[in-house]
Novice: 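If you scroll down you'll find the structure; I have some questions about it.
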There are 2 protein chains.
Amino acid sequence: MPKTGERVWKAGELAARTGLTVRTLHHYDAIGLLSPSGRTGSAHGPGHRLYTAADLARLQQILSLKQLGFGLDEVREYLSRDDYDPRRVVRLHLARVTGQADELRKLADRLAALADALDKAEAVSADDFLNTVREITMVEQYYTQEQLEQLAARKEQVGQARVDEVQAEWPRLMAEVQSAMDARTDPADPKAQALARRWFGLVAEFTGGDPGIFKSLKKMYETEDKVHDMDVKAMRPMMEWVGQAAAAAGIELPG
Amino acid sequence: MPKTGERVWKAGELAARTGLTVRTLHHYDAIGLLSPSGRTGSAHGPGHRLYTAADLARLQQILSLKQLGFGLDEVREYLSRDDYDPRRVVRLHLARVTGQADELRKLADRLAALADALDKAEAVSADDFLNTVREITMVEQYYTQEQLEQLAARKEQVGQARVDEVQAEWPRLMAEVQSAMDARTDPADPKAQALARRWFGLVAEFTGGDPGIFKSLKKMYETEDKVHDMDVKAMRPMMEWVGQAAAAAGIELPG
DNA sequence: CTTGAACCTCACGCCGCGTCAGGGTGTACC
DNA sequence: GGTACACCCTGACGCGGCGTGAGGTTCAAG
């Protein structure tokens, strides 16, 4: 109900002014976000929408809030009530947005790594592609975001030197276990128990004793065939044998 | 149709292994992304889904590609055809993702600026909030992304010193125009034409002669009441007068 | 044979509109 | 007054990737 003589705008004019579409204005009307103050009187159907200067001002506020990434229902809330704390709202929203931005950055990093890997190889078949993709995404499939951060922090703590040492230790240990198994050594044998202690010592050094990480790692090694060029499939019999030896030795596993 | 004796998994088992939900597997089946190789024979209804090791492998590939942010239909394409160039696909996708990430970063920057502004003020009413939001989002409403980049580049080019000079020049020029108007100077008068030349000289220095930027600027000054604490509303009569003077002087406007 | 957990198939909801389809209105010109 | 013709209106479906019921069936264990 605009005052008579007041300047009014029709949907198309508003759309042109704001860069929106008429459909969008209809939508805002439908969801009760912005309803025109008036309509042209018409014979049969509903008349044309007539927006006043006040409507226009409200629309500008809507657009501003929308540009900050708020949802339309949030926008409606903020415009209808004034008993909320803008600071808190903005900070919460900022946190959300930075979170999303971080996610996307990580995704971009993964993709860049993938692009690099593909560039290094000469011919790239569809299989190579899928394998490389797998390589890069595997780790994230098993660890949660939080766990990955813990792992990074832990790596920082122990230093690269020790990480390299552990990496070098694994093949040696696996060879020893394999020969013990080939010799049909009983898992309850003290030698087997010693191997189990070394084995789970290395594991614990990686997991930092975190049960969640232990479980994730376990699942990954049970599910995957290759991890980081290591033949995990071949490790599975060893893992069972070592598990038995650990049980005999009374080693407590984090899981 | 899994071979008899082959290990199969039911939907729930697969879901547990992969961290998906059963509903998701149903969805993948429905859209033809991953259909189980078999089903249990049943009396009346359709049987339970039975997934083979091959299905599992395909699912892993699906998850990998999904983790890289590809859409499900894209994933389907990449798994069904092998006559595409992975390098190109990845690079295109990377570009998309970095684009989105940049958008979100800019949004986060705006929000951070808003949070700062709100922190500086002591009491923040709903109106203050909306005004501050407006302040921060206004510019982006009128200029396209490309135009903002042009403006930034141009600012870089001319240097901060000159920008400050122009900023200082505007109030002086406006005062002169105002007094000329108060004196009822004819826009066709040579003095008026000289003022118009200075006026559009300053404008051209800002726009760099770009017609698109000129139009955006014009629209902003016609629509807004305040821009950057400048009383744009009061400028409008001046703009008309100067426009007439410019016409008399035969100044060509970029728009 | 019975229970109970797990499975099945519809079908709607979400978010912010785009995009038809089918029909009324407002204004300018004759 | 009529007649264009641009503009406006109201439904209704679609999109992506599932979540979330409702209501019924099937499998494996006891």
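Throughout, a chain's letter reflects where its sequence line sits, starting with A, and its residues are numbered from 1.
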Novice: I'd like to know if B/R91 pairs up with A/D119 as an ion pair, taking the criterion as any Lys NZ or Arg NE/NH1/NH2 lying under 4.0 Å from an Asp or Glu carboxylate oxygen.
Specialist: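 Yes, this pair counts.
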Novice: B/W9 CH2 to C/dC7 C1': how many Å, rounded?
Specialist: 19 Å
Novice: Between atom NE2 in A/H44 and atom C1' in C/dG22, what is the gap in whole Å?
Specialist: 16 Å
Novice: If you only use heavy atoms from C-beta on, which nucleotide in C/dT25, C/dT9, D/dG17 is closest to the side chain of B/L72?
Specialist: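 Nearest listed nucleotide: D/dG17.
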Novice: Taking DNA chain D as the partner, which of residues 18-32 of chain B come within under 4.0 angstrom of it by heavy atom?
Specialist: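 Nucleic-acid contacts, sorted: B/T21, B/R23, B/T24, B/H27, B/Y28.
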Novice: Can you tell whether the side chains of B/D127 and B/R134 come within less than 4.0 Å, N to carboxylate O?
Specialist: no
Novice: If only side-chain N and O atoms of B/T40 are considered, is one of them under 4.0 Å from the OP1 or OP2 phosphate oxygen of D/dC27?
Specialist: yes
Novice: A/K10 has an atom NZ; how far is it from atom C1' of C/dG24, in whole Å?
Specialist: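 After rounding, the gap between these two atoms is 12 Å.
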Novice: In whole Å, what is the span from the CZ atom of A/R39 to the P atom of C/dG26?
Specialist: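 One finds 12 Å between P of C/dG26 and CZ of A/R39, rounded.
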Novice: For the residue pair A/T98 and B/A108, what are the closest heavy atoms and their distance?
Specialist: CG2-CB, 3.9 Å
Novice: When you match A/G47 and B/G71 each to their closest nucleotide on DNA chain D, which lands nearer the 5' end?
Specialist: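 Going by which nucleotide is closer to the 5' end, it is A/G47.
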Novice: CD of B/E13 versus C1' of C/dA5: gap in Å, rounded?
Specialist: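 Distance, rounded to whole Å: 13 Å.
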Novice: Measure the spacing between CG of B/L111 and CD of A/Q67 and express it to the nearest 0.5 Å.
Specialist: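 The CD atom of A/Q67 is 11.0 Å from CG of B/L111, to the nearest 0.5 Å.
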Novice: Under 4.0 Å between a side-chain nitrogen and a carboxylate oxygen: does that hold for A/R110 and A/E140?
Specialist: yes
Novice: Which nucleotide in the list D/dC9, C/dT25, C/dC8 gets nearest to the side chain of A/R49?
Specialist: D/dC9
Novice: Ignoring hydrogens and angles, tell me if any N or O in the side chain of A/R49 forms a donor-acceptor pair with the backbone of A/A11 under 3.5 Å.
Specialist: no
Novice: Determine whether a donor-acceptor pair (N or O, by modelled atom type, separation under 3.5 Å) exists between the side chain of A/T207 and the backbone of A/I213.
Specialist: no
Novice: If you take any heavy atom closer than 4.0 Å to DNA chain D, which residues from residues 50-69 of chain A end up in contact?
Specialist: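 None - not one residue of the stretch has a heavy atom sitting under 4.0 Å from the strand.
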Novice: When the distance from CG of B/L33 to C1' of D/dC18 is rounded to whole Å, what number comes out?
Specialist: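 Whole-Å distance recorded here is 13 Å.
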Novice: Please state whether the rings of A/F70 and A/H93 are parallel, tilted or perpendicular, taking 30° and 60° as the class boundaries.
Specialist: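 Because their plane-to-plane angle is under 30°, the rings of A/F70 and A/H93 count as parallel.
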Novice: Do A/R105 and A/D102 sit within salt-bridge range, that is, some charged N less than 4.0 Å from a carboxylate O?
Specialist: yes
Novice: Between B/G12 and A/H48, name the one whose nearest nucleotide on DNA chain C is closer to the 5' end.
Specialist: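 On the 5' side of the pair lies B/G12.
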